[in-house]
Amino acid sequence: MRRMTARPGNAHQARLLKLLRDGGPNSRAQLGDQVDLSRSKLAVEVDRLLETGLVVADGLAASRGGRRSHNIRLNPGLRFLGVDIGATSIDVAVTNAELETLGHINQPMDVREGPVAVFEQVLAMAAKLRASGLAEGFDGAGIGVPGPVRFPEGVPVAPPIMPGWDGFPVREALSQELGCPVMVDNDVNLMAMGEQHAGVARTVGDFLCVKIGTGIGCGIVVGGEVYRGTTGSAGDIGHIQAVPDGRPCACGNRGCLEAHFSGAALARDAMEAAQQGLSAELAARLEANGGLTAVDVAAAAAAGDATALELIREGGDRTGQVIAGLVSFFNPGLVVIGGGVTGLGHTLLAAIRTQVYRQSLPLATGNLPIVLGELGPAAGVIGAARLISDHLFSPA
């Protein structure tokens, strides 16, 4: 299996690679406008990158007066694998070096089945994408998991909703199986990186990205970089107390936000409402499907069901209260709301906004957009590809 062996030789080359990744093919002259290098030094660094095969010549650029400059681009044969493991499903995608998605598949999978079963499925999905002709092999892979990760080692640490994963050597095991370098991070951090690269956060340096799925987490981006904290657990906001002495949570505490509002909590509340005869719409869906999910609550709310709307508003209020505290503390330029529960749409968003704008100081919220993510399930896999490209496009 082929793999990318070359790495940039210095910080200048790393900067040029990332400019080509984020901006696409470019002329030497235009690259020169964006980096602090003399023309002769730029020429030396570009020639060295051409020798490595990481970049290739791409025809002549449009004239800016005088002799026309050559375009260069990242090698179009480079392939990255992006893997986003959620609590109930897996997304796998192949991208080129400019992080354009060439193929993307999704399959249901319960993360509680453990790492061996989950990675068997990941490898089968990667093999399927490879067999479709999108890639001969992979030059690197980024992996997202739904729990805290000790980032330097690529190892999950005591993840509450992932029994059997604590300390599992994800990075090492997958690197061996795929035959390429692998980087591992929390799934919410990757969602934030995806929205930063190709979604709503493209022009924002400091933002929060809140993922409301089976659980709740928050990606924190400071000065364009993900902030992970000392041990990799930064942003674990699902375990901030939202209701004093409230429901028991999987983490062992009571009243956590995640215990009161997440995909799992919403499904449980919807079941109770249906069984108690509070919602004909939810009761009908329960009878038809044998169970309820956040999707059913969204559909019932869209049909005007008062109980479903109230469940969403109540959850949005609690989430908004927690986010209001984060906004007062961090003063972000943007808050992005993503994850599976965003199918609840503008009812949820309105409740979150109301709480944040009401509880945080006007100086923090005066120009603060609170928006739904743009990329949906693609955010995580694009973020995963961005993670591995950041690693490979840095000096070894």
Side-chain angles (χ1 to χ4, degrees), residues 1-82 93-102 134-142 175 178-183 193-194 196-199 201-205 221 223-226 381-396:
M1 191 181 296
R2 74 199 197 100
R3 57 179 286 189
M4 176 179 133
T5 51
R7 295 278 291 276
N10 57 42
H12 296 307
Q13 291 177 24
R15 170 102 172 105
L16 290 167
L17 289 172
K18 287 171 185 172
L19 284 169
L20 290 169
R21 176 195 67 190
D22 298 342
N26 224 324
S27 69
R28 290 179 187 235
Q30 286 167 320
L31 287 170
D33 294 342
Q34 298 175 72
V35 293
D36 189 21
L37 291 174
S38 67
R39 281 183 67 175
S40 58
K41 178 66 173 160
L42 176 69
V44 167
E45 300 299 359
V46 169
D47 287 343
R48 283 179 182 157
L49 284 173
L50 286 163
E51 283 166 24
T52 66
L54 291 170
V55 304
V56 296
D58 192 41
L60 289 168
S63 174
R64 304 205 307 181
R67 204 171 66 177
R68 287 167 71 190
S69 174
H70 277 86
N71 269 339
I72 57 168
R73 64 174 298 178
L74 292 172
N75 187 325
L78 292 174
R79 293 289 180 270
F80 298 137
L81 186 72
V94 176
T95 77
N96 62 14
E98 288 156 15
L99 309 192
E100 295 167 332
T101 302
L102 307 177
L134 293 172
E136 294 167 27
F138 303 111
D139 297 289
S175 183
L178 291 167
C180 66
V182 169
M183 294 294 285
M193 291 172 79
Q196 180 186 26
H197 183 80
R202 278 187 297 267
T203 59
V204 186
V221 177
E225 301 290 330
V226 170
V381 288
I382 292 171
R386 166 80 181 246
L387 175 72
I388 189 62
S389 71
D390 276 347
H391 172 67
L392 295 174
F393 293 168
S394 297

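Between the NZ atom in K18 and the OG atom in S389 there is a gap of 8.0 Å [rounded to 0.5 Å]. Distance check, rounded to the nearest 0.5 Å: CD1 of I382 to OG1 of T95 gives 8.5 Å.
A side chain to side chain contact (heavy atoms under 4.5 Å, CB included) with L74 holds for exactly one of L16, L17, L54; it is L17.
Within a 6.0 Å sphere centred on CD of E225, heavy atoms belonging to other residues, nucleotides or ligands number 12 at most. Within a 6.0 Å sphere centred on CG of D36, heavy atoms belonging to other residues, nucleotides or ligands number 12 at most.
Closest approach of F393 to F80, counting heavy atoms only: CZ-CZ, 4.1 Å. Taking each heavy atom of N71 and S27 in turn, the nearest pair found is OD1-N, 3.1 Å.
The residues D47 and R28 are annotated as salt-bridged, a charged nitrogen and a carboxylate oxygen being separated by less than 4.0 angstrom. Ion pair R48/E51 not flagged as a salt bridge, since none of the NZ, NE, NH1 or NH2 atoms sits closer than 4.0 Å to an Asp/Glu carboxylate oxygen.
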Given the rule in the salt bridge (Lys or Arg N to Asp or Glu O under 4.0 Å) test, do D390 and R21 qualify, once you have shown the distances and angles that lead to the verdict?
CA-CA 10 Å; D390 276 347; R21 176 195 67 190; 2.7 Å; yes

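Partners of T52 by side chain to side chain donor-acceptor pair (under 3.5 Å), not counting sequence neighbours: none found. N75 meets the side chain to side chain donor-acceptor pair (under 3.5 Å) test with no other residue; sequence neighbours excluded.
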